[in-house]
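All figures in this text were calculated on a predicted structure; none of them were measured in a lab.
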Amino acid sequence: MAVIQKYGKNYSPDLVCHKENHPLDKIGVAGCHKKWPEHNSNWPRPVARVWMVVLLLGTCLLYCARVAMPICAVSMAEQFSWSKRESGMVLGSFFWGYCFTQVFGGYVSDRVGGEKVLLLSAAAWGSMTAFTPLLAHFCSQPILSMTLARFLMGLLQGVHYPSLASLCSQKVVESERGFLMSTVGSGSYLGTLVIGGAGSLMLDVYGWESVFYVSGLLSVLWAYCMWKYLLKGEGPIITLESLGSGGAQSKLSKRHWLRLLKQPAVCAVIVTHLCTASTFFTLLSWLPTFFKDTYPDAKGWVFNVIPWLVAIPSSLFSGCLSDHLITQGFDTASVRKLMQFFSMGVSSVFTLLLCGNTTFPWTVAFVSATMGLTTFSHSGVSVNVQDLAPSCAGALFGVMNTCGAFSGVLMVYFSGYLIEATGSWASVFALITTVNLLGLCTFLGFAEARRVDIDSSKVRHHNIHI
């Protein structure tokens, strides 16, 4: 990373035609401009900034709707006489649904556009959220209706992040992807904070139904505003014909999908994302229990709010830093590795510090540092998939997120087993550190930033033809 060069070491003359507007392209000469048209359809910077704010709000509302059930679970359990096991079944059904639509959502987004998939899914899961209280009250078996509703919520929300990856890879230039993705990613932390504060207040004053009504209706309103003002009222129709004729992108991904998965760099991003998601889900699931067991007299709002307040500016900073380094001429692959080093390497240092006997303020500080540094992955492995395969970034990110979701569920269960078997939280933090280091070593050893979703020999042939 010490070497500053104009294009970075991953620059290839074979790809010049994707970066430049060749004069012959204007008169329709067959060439790479026609074969990969998505590279000339990037948003202008003002448009990209508008979309960034809209997608940030959408991700915030996504988490407001997602976290509504965990916030209301205790009140609903009391009203409907659910046991702990039944409450766990309702809450856990979301993640099983979430796993099944990742690849499909990315696949469709790569062909018809991520903005269409985001719009339709948001309208669907927003409506599902708003109707949740009605399903609970008017169904003879609320436990069954809520389990099914949460499963469907997982199915509908599972397409969100793959669609974001696909949309960003097609519409945002490489030097601005880090900031956009990290900003949009910070919406998850913002949504958790908003629903945690406002949702708890509505729960106490108006009842648990109000949490679902407000978060669901706001989500539907967001979808309507995106359709009305950004898509200019165009019908987000997804037809079978559009899925089958996605142009060069669909042909490319179908022809080279197996070859793509054999690439070491692609395997590296899948393994690294799997490790990142597993450790994040584990921390997210067990940290509240850790604080209650270790510091029973501590105020819950302190350790439930402060780490997320740190995570938001940390995520924004990582995006600014990565884009600045790439703009200054640093190698893209080296920048991605640096961001992932902070996310998995430096954060593991603070995770290990939790193994010792520390005071409550220091523990909150260590946890906040861990969660803040973890957000650097938004500018690392999460963006690297767009560097490697912009033509099928949505589907590939779906594969990554599916693996991460499954492994995350398994690691959460295994961490619970370790706590019961050893009686020590140190074993869990040691496991998190081990998994982080495994993913980091894989990424540092095999990650690249050059395109691997194209046949270089055919690109070279088109250059000669021009």
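- The ring of Tyr98 has its center closer than 6.0 angstrom to the ring center of Phe94.
- Here the side chain of Gln157 pairs a donor or acceptor atom with the backbone of Leu62 at under 3.5 angstrom.
- Checking side-chain atoms of Ser407 against main-chain N and O of Ser278 turns up no donor-acceptor pair under 3.5 Å.
- Between Trp96 and Phe100, the ring centre distance reaches or exceeds 6.0 Å.
- The cationic atom of Arg177 (NZ for Lys, CZ for Arg) does not lie both less than 6.0 Å from the six-membered ring centre of Phe179 and within 45° of the ring axis.
- A search for side chain to side chain donor-acceptor pair (under 3.5 Å) contacts involving Thr101 returns nothing, not counting sequence neighbours.
- A ring-centre distance under 6.0 Å is found for Phe429 and Phe290.
- Among residues two or more places apart in sequence or in another chain, the side chain to side chain donor-acceptor pair (under 3.5 Å) test is passed with Gln386 by none.
- Judged as a side chain to side chain donor-acceptor pair (under 3.5 Å), and not counting sequence neighbours, the contacts of Ser427 are Thr422.
- Between Val452 and Val266 the shortest heavy-atom distance is CG2-CG2, 3.8 Å.
- Between Thr272 and Gly439 the shortest heavy-atom distance is OG1-O, 3.3 Å.
- Note: Trp308 and Tyr189 have parallel aromatic rings, judged against thresholds of 30 and 60 degrees for the angle between ring planes.
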